[in-house]
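Fair warning: this is a prediction, and the values are worked out from it, not measured in the lab. Reminder, nothing fancy here: chain letters follow the sequence lines and each chain counts from 1.
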There are 2 protein chains.
Amino acid sequence: MADPISPIQPDWTLYRTFLAVLREGSLSGAARQLALTQPTVGRHIEALEAALQIALFSRSPSGLVPTEAALALRQYAEELDATTAALSRAATRLGEGVRGTVRISVSEMIGVEVLPPMLAQLRAQWPELVLEIMLNNRVEDLLRRDADIAVRGVRPQQDALVAQFIGTINIGLHATPDYLARHGAPQSWDELGRHGLIGFDSETPFIREVQSRIGGLRRERMALRADSDVMQLAATRAGFGVGVCQVGLARRYGLVQVMADQFNWPMDTWLAMHGDLRNHRACRVVFDALVTGLRDYANAA
Amino acid sequence: MADPISPIQPDWTLYRTFLAVLREGSLSGAARQLALTQPTVGRHIEALEAALQIALFSRSPSGLVPTEAALALRQYAEELDATTAALSRAATRLGEGVRGTVRISVSEMIGVEVLPPMLAQLRAQWPELVLEIMLNNRVEDLLRRDADIAVRGVRPQQDALVAQFIGTINIGLHATPDYLARHGAPQSWDELGRHGLIGFDSETPFIREVQSRIGGLRRERMALRADSDVMQLAATRAGFGVGVCQVGLARRYGLVQVMADQFNWPMDTWLAMHGDLRNHRACRVVFDALVTGLRDYANAA
DNA sequence: TGGTTGATATACAAATTTGTATGGCCGATC
DNA sequence: GATCGGCCATACAAATTTGTATATCAACCA
């Protein structure tokens with residue numbers, strides 16, 4: 001039935017298989033993820049290569065190695081994936097009342113430490129609500145519909161987005177009273193160097209920005225390195241040493257701020273949502289609840 | 001194989017069928033467009049409704065009437081369509097050299113009157129280049145990848161876009177010398193009212209903006225109404241009466257401008273491209289050629 | 001070095017999807 | 001008011017897609 005001469009617009013399902021193979025790195029892996037079998041996945045890739053008239057992978061016994069072509073096309077497939085997921089979510093929200101799935105993208109710290117009570121209250125009030133949380137695995141593009149609602153550190157520019165300013169969340173150096181009683185409270189960057197400093201493992205753009213303005217937070221000085229903010233807070237609470245965290249959370253857990261005059265990082269915080277979702281009752285309710293809840297949190301600190 | 005209890009992520013192909021049914025308004029029509037048969041299309045819709053647990057259409061003997069749910073989900077399907085098409089185009093551009101398909105969105109007038117020589121020259125220089133032209137059928141969103149390159153009347157804001165200012169294209173009232181010899185040249189809006197005025201049929205946002213600043217271009221005064229700019233120009237050139245068109249084109253066709261002091265609409269013009277395409281050789285070549293060509297056109301007027 | 005693991009490729013059978021043919025329904029038109 | 005055209009629904013047959021089983025190869029580890 002397929003015309004062998006001219007390239008036909010490929011079956012959209014092939015794109016999903018293509019993406020799975022890229023993510024898993026092998027036909028077998030993709031087959032497991034898709035609940036298909038390895039031969040079918042292999043045939044899908046063959047079909048897609050034939051349709052696009054391009055080699056997408058070089059086969060190897062350890063898996064499939066994507067060609068440059070495959071890497072170039074990946075972003076499109078990711079977009080398709082995000083859009084289909086968004087469509088499914090939108091479908092669950094149809095009908096009367098506050099119902100269906102809303103996907104939220106937040107930082108690990110806000111997600112773990114701040115959001116849960118708000119989510120619990122939302123769910124208690126609207127039993128048909130389903131919530132998905134994305135702990136900032138890098139992709140959090142509202143325009144691409146990776147999430148419906150996102151907490152952002154900068155003012156969203158696109159006018160396709162609805163945005164509300166939450167407030168300024170302050171970040172500082174903290175330790176347990178216990179730890180400070182044993183080791184003393186550092187008063188300067190030099191003294192801090194002799195403490196068990198808790199910090200980042202790999203440098204993110206955000207960290208580089210902080211470093212450029214504050215210096216003295218070099219990677220070599222860290223006594224415990226972890227990329228997870230939540231892990232860092234846990235270590236600080238366990239009395240490992242001095243760690244960076246939001247002052248509101250520090251207060252909640254009885255941590256004491258040190259060198260407040262020398263290190264204070266104010267983090268402007270915004271809540272954003274895709275403008276198309278303004279009229280989805282469920283999204284609207286969640287958005288409004290998060291604005292209120294997060295403002296309370298930001299103002300309390 | 002499909003779990004009958006929990007809704008499964010639907011086969012992506014179902015979305016394509018869904019979109020075709022929305023566009024065609026019937027199962028049979030969609031089947032024709034997709035090169036499938038009416039029963040399969042019907043089954044696809046059934047399957048999608050089952051997967052999403054939503055009624056998408058109410059069946060009727062004259063076709064399918066989309067439910068509100070279907071209308072709400074349509075935009076997502078359109079996005080999928082745009083993205084798959086963009087993927088296919090990107091695939092054709094892979095490899096060495098300037099090759100593959102580039103899709104351009106322009107106004108009808110620029111497309112028909114200005115672009116063709118530039119396109120011809122591009123094609124002559126790069127025989128492997130394929131060009132697609134979209135005459136502004138409303139959707140021309142570069143972020144959604146409906147097109148690769150677009151001519152815009154306003155400065156593109158999104159920083160995901162590459163944009164170049166082309167120049168200012170002036171629009172004025174014109175007629176053939178012949179016509180003016182027979183009817184005289186109007187000197188005022190009142191006089192113009194007695195002429196065979198050529199203008200729009202339905203009001204677009206652009207027209208409303210012009211009207212709000214210039215008045216006197218009411219729909220009732222038109223002696224010939226057509227939404228197509230190209231049709232309007234053709235009528236003006238045929239000596240029907242006085243019409244609105246770009247002064248550069250008017251000059252080319254020997255038309256004479258009237259009431260230049262009272263009606264002159266400067267139209268800022270930009271060329272824009274999705275930033276991701278900056279490194280696609282073919283897109284880059286077309287973009288640069290259009291910048292040069294359109295600037296020549298704008299400056300000549 | 002030999003066994004184990006996990007990968008792709010291929011042959012064949014099962015299952016699913018698709019197409020064909022038909023019937024019935026509504027509306028437009030002469 | 002009868003006919004024609006276009007549409008959807010359903011039954012049955014054909015074709016395609018998928019899964020199962022197996023062979024083969026490379027890498028890793030004891």
For nucleotides 20-26 of chain C, which of its nitrogen or oxygen atoms have a protein nitrogen or oxygen under 3.5 Å away, and what is each distance?
none

Query raised in the report: Hey, is the main chain of B:A82 close enough, under 3.5 Å, to the side chain of B:D146 for a donor-acceptor pair?
Result: no
Query - Length of the line joining A:E49:CD and C:dA9:C1', which is rounded to integer Å - result: 14 Å
**Report entry** Flag, side chain of B:T67 to backbone of B:L56, donor-acceptor distance under 3.5 Å
**Finding:** yes
**Report entry** Contact under 4.0 Å: A:R32 side-chain N or O vs C:dG6 OP1/OP2
**Finding:** no
Query - Separation of atom CD1 in B:I45 from atom C1' in D:dA9, rounded to whole Å - result: 15 Å
Query raised in the report: Less than 4.0 Å between a side-chain N and a carboxylate O, is that true for A:D276 and A:R145?
Result: yes
Query raised in the report: Does any pair with a residue in residues 51-78 of chain A pass salt bridge (charged side-chain N to carboxylate O under 4.0 Å, His left out), and if so which ones, sequence neighbours excluded?
Result: A:R23-A:E78, A:E49-A:R59, A:R74-A:E78
Report task. To the nearest Å, give me how far apart CG (B:L36) and P (D:dC8) are. Result -> 14 Å
Requested in this report: Give a yes/no on whether any side-chain N or O of A:S28 is located under 4.0 angstrom from OP1 or OP2 of C:dT8.
Outcome: yes
Query raised in the report: Taking atom types as modelled and ignoring hydrogens, do the side chains of B:E132 and B:T101 form a donor-acceptor contact shorter than 3.5 angstrom?
Result: no
Query raised in the report: Taking CG from A:D11 and P from D:dT17, how many angstroms apart are they, rounded to a whole number?
Result: 9 Å
**Report entry** Side chain B:D227, main chain B:D201, donor-acceptor under 3.5 Å
**Finding:** yes
Query - Nearest-Å distance for atom pair CG/C1', residues B:L27 and C:dG19 - result: 15 Å
Requested in this report: Report the distance from atom CG of B:L34 to atom C1' of C:dT18, rounded to the nearest whole Å.
Outcome: 14 Å
Report summary line: Here the residues of residues 15-24 of chain A within 4.0 Å heavy-atom distance, strictly under, of DNA chain C are none
Report task. Determine the contact category for A:G42: base if any of its heavy atoms lies under 4.0 Å from a base atom, sugar-phosphate if only primed atoms, P, OP1 or OP2 are that close, otherwise nothing. Result -> nothing
Requested in this report: Inspect the surroundings of CZ in A:R123 and state if more than 12 heavy atoms from other residues, nucleotides or ligands are less than 6.0 Å away.
Outcome: yes
**Report entry** Results of side chain to side chain donor-acceptor pair (under 3.5 Å) for A:D229 - residues two or more places apart only
**Finding:** none
**Report entry** Distance (rounded to the nearest 0.5 Å) between A:L143 CG and B:R144 CZ
**Finding:** 11.5 Å
**Report entry** Contacts of B:R93 that satisfy side chain to side chain donor-acceptor pair (under 3.5 Å) - sequence neighbours left out
**Finding:** B:D148, B:H280
**Report entry** Pairing of B:E24 and B:R32 as salt bridge, 4.0 angstrom limit
**Finding:** no
**Report entry** B:H44 side-chain N/O to C:dT17 phosphate OP1/OP2 under 4.0 Å
**Finding:** no
**Report entry** Whole angstrom value for the distance that separates P of C:dT18 from CD of B:E46
**Finding:** 12 Å
Query raised in the report: List DNA chain C stems (3 or more consecutive Watson-Crick/G-U pairs, under 3.5 Å)?
Result: C:1-30 with D:1-30
